[in-house]
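Inspection log for the structure reproduced underneath, given as structure tokens.
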Amino acid sequence: MIRPLLKKFTGFTLVLAIVSNIYIFTYPSLFPERCSWRCASQPSVVGATDSMHVGEKVLYYSKRYVNDLMRQWKKSHEETQSSPADVHLMAFGDPQIKGIWRNTPYVTRLDIFGNDFYLGHIFSTMRNRLNPTHVAVMGDLFSSQWIGDSEFFNRTMRYTKRIFKRDTTSLENIRNDSHDENGLYKNYWVQFADEFKRRLTEEPKTLGFGYENVHTWDPEHEDYLFINLTGNHDIGYSGDATFQHMSRFHQLFGKDNYWIEYDRDTDHPWRIVVLDSMLLEGPPLQQEFVNATWEFLLQLFEQRFEGSTVLLTHVPFYKKEGLCTDGELFRYYPDDYPREPYKQNLLRSQNHLSEDVTKRVLNLIFDNGKPGIILTGHDHEGCETVYNKDSKTGDWNAAKTMQSPDFHVREVTVRSMMGEFNGNTGLVTGHFNHETKTWEWSFSLCPFSIQHVWWFTKVVTILSGFLLSALLVT
Ligand SMILES: *[C@@H]1O[C@H](CO)[C@@H](O)[C@H](O)[C@H]1NC(C)=O
Ligand SMILES: *[C@@H]1O[C@H](CO)[C@@H](O)[C@H](O)[C@H]1NC(C)=O
């Protein structure tokens, strides 16, 4: 009596498990255009389905899905290698991983644990599919800047190992060298602070901002360049960023401001600029940080670079209310702030850079008039804007469309990779056009789905495993 029922139920969960696994491992094939690099030859088929019946649409989308799967299978899409090779940058918005505390309920713990693997699934699927040349995480790696060193280290381990599948030996070595009496990671930031101040005051200022032609930090393990950006949840806004925040970020994730120039003395130079946009305005807690960021921009300007620029930064540039989800907002600590009196009146948070700072930064970075693209994070929802330059006044006006005949740059606020926002991957393709002698940049956003779909898949897979073995033994 029970056996036929069990059989039916097992069959049912097995089918669910198979279908959902196929889905989570092949989801980019459902949106082949949005989930691929842009090819120069790629035809645009916007609106192709508008006049179709439901049946035709189903057929169209199934065909597109299957075709993409076949292409992946054969990897026959090995694009005719252009020269110089296209730039393929994958951008992940604000993962904001949370921590587990003593009083965290068990369900939440499970959720946080699973979330690491959900994010890791997105990264692995996209990396295997697309072989990026660069991977950038757009800041707000963690959910809070107010955590101790040991927790900061533990989240770095999760970020490195579970999400981005990277080698953790160097992190373990750091912990072996830098720990407290219980062997837990501790950052000894005083030395960092002394060194930082010394470098900032000596002439010339040797803050070590520039690199050239770096294609990977770790040639033994990977063939793409991994870029960690810092966000307000990693080091804080300028009103609360301390040397401790800065020192541990530098030790575990690398610099917050730097540039990498590629192919400088060719006809196709381009560069990546990583800018710490939390430390441009104030009033700051440590004026040194703001000074260092402006020093960075000045040195960058003085490079007199002739190529195209990909600017990566966390806080978006100034724009009028209504263009994106977030409007302009600046908050300051109050006059009277007994909890942390030393923070009185300091900058507490900001949604955008101010109008004036936006103008100065864009003029310093996009001074050579070569096309580029800006990627930011911070607002989670995502947005695309165009910064139109008025070359007479040097003002930059944000709009939905290109308006300035003089010069414009597109800013893409990358939609978050968190489950609530459907686990997105941003794809930037840079292609060098030999006729115009310029780099052309395009962006697309590849969505996955809410984390519950991933959870469901894991649960039905395990359940069907149990049921199958139960059937076999009864
Ligand atoms: C970090 O991880 C270590 C090892 O698992 C653990 O002993 C330590 O308590 C963790 N730190 C915090 C703040 O939870
Ligand atoms: C970025 O962070 C990861 C994880 O800590 C690390 O493996 C990698 O080396 C960092 N990148 C740089 C440039 O330091």
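Residues: numbered from 1 along the sequence shown. Counting starts at 1 for both ligands and their atoms, following the listed order. Remember, predicted model here, so these are calculated numbers, not experimental data.
Ring to ring, His134 and Tyr262 are close: their centroids are under 6.0 angstrom apart.
Side-chain atoms of Asn187 and Ser247 include a donor-acceptor pair closer than 3.5 Å.
Listed by atom number, the atoms of ligand 2 under 4.0 Å from Gly254 heavy atoms are 14 (O). For ligand 2 and Thr156, the ligand atoms under 4.0 Å from any heavy atom of the residue are 5 (O).
Annotation: the span from Gln350 atom CD to Asp326 atom CG amounts to 11.5 Å, rounded to 0.5 Å. If you take OH on Tyr188 and CD on Gln244, they are separated by 11.5 Å, rounding to the nearest 0.5 Å. Going from atom CG of Asp111 over to atom OH of Tyr118 covers 11.5 Å, rounded to the nearest 0.5 Å.
Of all protein heavy atoms, the one lying nearest to atom 12 (C) of ligand 2 is Phe253 O, 3.4 Å. The closest protein non-hydrogen atom to atom 2 (O) of ligand 1 is Asn154 ND2, 2.3 Å. The protein non-hydrogen atom at the shortest distance from atom 7 (O) of ligand 1 is Leu184 CD2, 3.8 Å. Counting protein heavy atoms only, atom 1 (C) of ligand 2 is closest to Asn228 ND2, 1.5 Å. The single protein non-hydrogen atom nearest to atom 13 (C) of ligand 2 is Trp217 NE1, 3.2 Å, given as residue, atom name and distance. Atom 5 (O) of ligand 2 has as its closest protein heavy atom Leu252 O, 2.9 Å. For atom 4 (C) of ligand 2, the closest non-hydrogen atom of the protein is Thr160 OG1, 3.0 Å. From the protein, the heavy atom lying nearest to atom 8 (C) of ligand 2 is Arg166 NH2, 3.5 Å. Scanning all protein heavy atoms for the shortest distance to atom 14 (O) of ligand 1 gives Glu151 OE1, 3.8 Å.
Using cut-offs of 30° and 60° on the angle between ring planes, the pair Phe192 and Phe196 is tilted.
Classification of Glu203 and Lys205 as a salt-bridged pair holds, one side-chain N sitting under 4.0 Å from a carboxylate O.
For ligand 1, one of its N or O atoms has an N or O atom of Ser150 under 3.5 Å away.
The local environment of CZ in Phe466 is sparse, with at most 12 non-hydrogen atoms from other residues, nucleotides or ligands closer than 6.0 Å.
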